[in-house]
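Data first, discussion second: the structure below is written as structure tokens.
Read the numbers this way: they start at 1 and go in the same order the structure lists the ligands and their atoms. Since we're looking at a predicted model, the values are computed, not measured. Side chains are part of it too, since the values below use all heavy atoms of this structure and drop only hydrogens, waters and symmetry mates.
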Amino acid sequence: MAKHAKSLLSRWSSRVFLVEVDEKPLYFRLQERHGGERAPRVFGRLREADRCYSVLVCSGDRIKGAKFYPELRNKLARDLPPGCDLTTMGSFLPRVRDSFIRGYFLKSSVEYSPHIERLLRDLGRREPLLVCSYTAADGGGQLWTQRLWSPSQDETPSDYFVVSSDEPECHPSALSMINNDVFHSFEEARDVFRKCGGIIPEAASVLEMLPGSLEVCQKPKFPVIVIEGLDATGKTTLTESLRDSLGATLLRSPPECLSPWRALFDQEPPLIRRAFYALGNYITAQQIAQEGMKTPVIVDRFWHSTAAYAIATATSGPVSSLPQGGSEVYGWPSDLLQPSLVLLLTLDAEERKRRLKDRGLEKTDEEQQLDRNQLFRLRVEEAYRRISGPPCVTVDASPSADKVLQETLLLIRSNCHL
Ligand SMILES: Nc1ncnc2c1ncn2[C@@H]1O[C@H](COP(=O)(O)OP(=O)(O)OP(=O)(O)O)[C@@H](O)[C@H]1O
Ligand SMILES: Nc1ccn([C@@H]2O[C@H](COP(=O)(O)O)[C@@H](O)[C@H]2O)c(=O)n1
């Protein structure tokens with residue numbers, strides 16, 4: 001059995017599981033003896049003739065695991081029998097860092113079990129998987145048991161009853177966010193790119209753009225102002241006006257030099273995609289350090305965008321599922337240049353949609369998700385506000401472009417020495 005899978009099994013009965021139903025995580029845990037509790041919500045509406053499976057990716061190589069996770073979904077969606085329900089799930093050890101693993105939860109009629117189990121066994125030969133089946137243990141569908149049948153039954157724990165578990169304080173993906181979704185150092189992000197060179201040849205081109213090491217640069221002489229906000233809140237319009245009004249240099253993150261590879265890395269799983277944007281911030285930081293010796297610098301998106309989108313994507317459900325304010329995940333990377341001021345443009349959802357429609361440009365998957373998914377948008381906005389480090393001031397972006405510019409100039413003059 002793979003070493004990583006074995007270590008996951010060592011504390012199997014302490015694990016908590018969550019199944020995402022309509023963007024809401026439902027939690028259950030394992031118990032040796034049943035104390036008469038009702039079935040956890042995710043099993044509550046099932047019939048005795050239903051069979052469920054959890055399929056958790058437990059690759060010891062996190063690049064391979066990250067690549068395999070979306071691939072697994074595609075394969076399952078393609079090869080599962082008709083009527084089989086597929087949703088995302090995860091498992092974790094409460095309060096244990098890096099214990100969160102991801103997978104899928106399948107619901108099907110028992111008649112399809114042989115087909116499904118054959119399919120899961122085949123998939124498990126490609127990459128290590130932990131597969132459990134869930135069966136009704138009574139006539140009324142109130143009692144369900146979990147059997148861990150793969151990778152190998154003779155080495156796995158016995159059957160357990162499943163019972164509801166309390167919701168943790170925040171989404172458990174927070175346990176594994178640092179340096180998987182939110183990179184807190186240049187070296188950690190670069191390491192991901194070094195390791196994925198074998199599967200993504202373009203990673204080498206990105207590595208060539210990076211500084212060899214992070215030289216300790218002097219603090220820029222002039223103010224550095226970052227403009228943040230969701231798409232279509234007016235960042236491009238405002239940053240260009242600020243450049244002209246202040247005689248500033250305008251920079252962007254990701255920087256121009258990474259443009260040829262952005263679309264490619266946008267298609268990669270979060271581990272690689274987030275490392276790409278994290279590295280982009282370090283390249284932009286070098287440009288800021290240089291230009292900031294000559295003129296004020298305006299930056300269109302920087303670290304806040306990288307971290308806030310990453311945190312919001314790794315979680316699900318309402319804002320309360322985000323890691324709590326003050327959590328280390330919101331911390332500013334100690335090796336990344338801090339701007340003098342961050343201005344966060346906010347706009348109500350309807351006006352933002354109207355501007356998006358008027359602009360009519362093609363949208364990225366994440367932008368489309370912002371449109372469709374109100375909870376995701378709220379999580380991104382709240383994560384923006386919780387990020388610590390440089391002072392961050394919210395600006396109402398709904399007045400005319402000129403009014404927003406005047407308001408912003410006032411804020412810059414009162415917060416920075418200009
Ligand atoms: N204050 C404003 N009032 C009305 N319309 C505006 C205002 N600011 C920008 N717009 C318009 O809204 C649209 C989006 O603006 P802009 O491209 O500047 O946003 P953005 O935040 O840079 O978007 P993205 O992040 O997607 O690049 C554009 O068509 C722009 O002309
Ligand atoms: N510093 C950054 C900048 C952007 N992102 C990601 O890109 C998407 C938004 O960029 P637009 O150019 O479309 O405005 C968004 O999905 C962010 O995830 C980033 O991570 N870091």
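Among protein heavy atoms, atom 1 (N) of ligand 1 sits closest to P399 O, 2.9 Å. For atom 25 (O) of ligand 1, the nearest non-hydrogen atom of the protein is K235 NZ, 2.7 Å. Counting protein heavy atoms only, atom 19 (O) of ligand 1 is closest to G234 N, 3.2 Å. Shortest contact from atom 3 (C) of ligand 2 to any protein heavy atom: S253 O, 3.2 Å. Atom 16 (O) of ligand 2 has its closest protein heavy atom at E366 OE1, 2.1 Å.
Panel note: side chain S253, backbone P255; no donor-acceptor pair is recorded below 3.5 Å. Between the side chain of D181 and the main chain of I311, no donor-acceptor pair closer than 3.5 Å is present.
Against a heavy-atom cut-off of under 4.0 Å, R274 is close to the following atoms of ligand 2: 18 (O). Counting the atoms of ligand 1 from 1 in the order shown, those under 4.0 Å from a heavy atom of R301 are 25 (O). Taking every non-hydrogen atom of N281 and a distance limit under 4.0 Å, the qualifying atoms of ligand 2 come out as 1 (N). Residue P254 has at least one heavy-atom neighbour below 4.0 Å for each of these atoms of ligand 2: 3 (C). Those atoms of ligand 1 that come under 4.0 Å of a heavy atom in S400, given as number and element, are 1 (N).
A heavy-atom separation below 4.0 Å is not found between K403 and ligand 1. T233 counts as a contact of ligand 1, since one of its heavy atoms falls under 4.0 Å from the ligand.
When the options R252, R262, R273 are ranked by their closest heavy atom to atom 12 (O) of ligand 2, first place goes to R262. Between the choices A232, S305, S241, the shortest heavy-atom distance to atom 23 (O) of ligand 1 belongs to A232. Closest heavy-atom approach to atom 24 (P) of ligand 1 among the candidates E240, R359, R355: R359. Between the choices D396, T237, T236, the shortest heavy-atom distance to atom 22 (O) of ligand 1 belongs to T236.
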Steps toward side-chain contact (heavy atoms from CB on, under 4.5 Å) verdict (L72, L76): CA-CA 6 Å; L72 177 62; L76 289 170; 3.9 Å; yes
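Between H184 and W303, the two ring planes are tilted [angle within 30° to 60°]. Using the six-membered ring where Trp is involved, W12 and F17 have ring planes that are perpendicular, over 60° apart on the 30 and 60° scheme.
Contacts between F302 and ligand 2, counted as non-hydrogen atom pairs separated by less than 4.0 Å, involve the backbone only. Residue contacts with ligand 1, taken as heavy atom pairs separated by less than 4.0 Å, do not involve S398 at all.
The two residues V162 and F43 come nearest to each other via the heavy atoms CG2-CE1, 3.7 Å. Looking at every heavy atom in both residues, E228 comes nearest to K235 through C-CD, 3.7 Å.
The aromatic ring centroids of F183 and Y277 lie 6.0 Å or more from each other.
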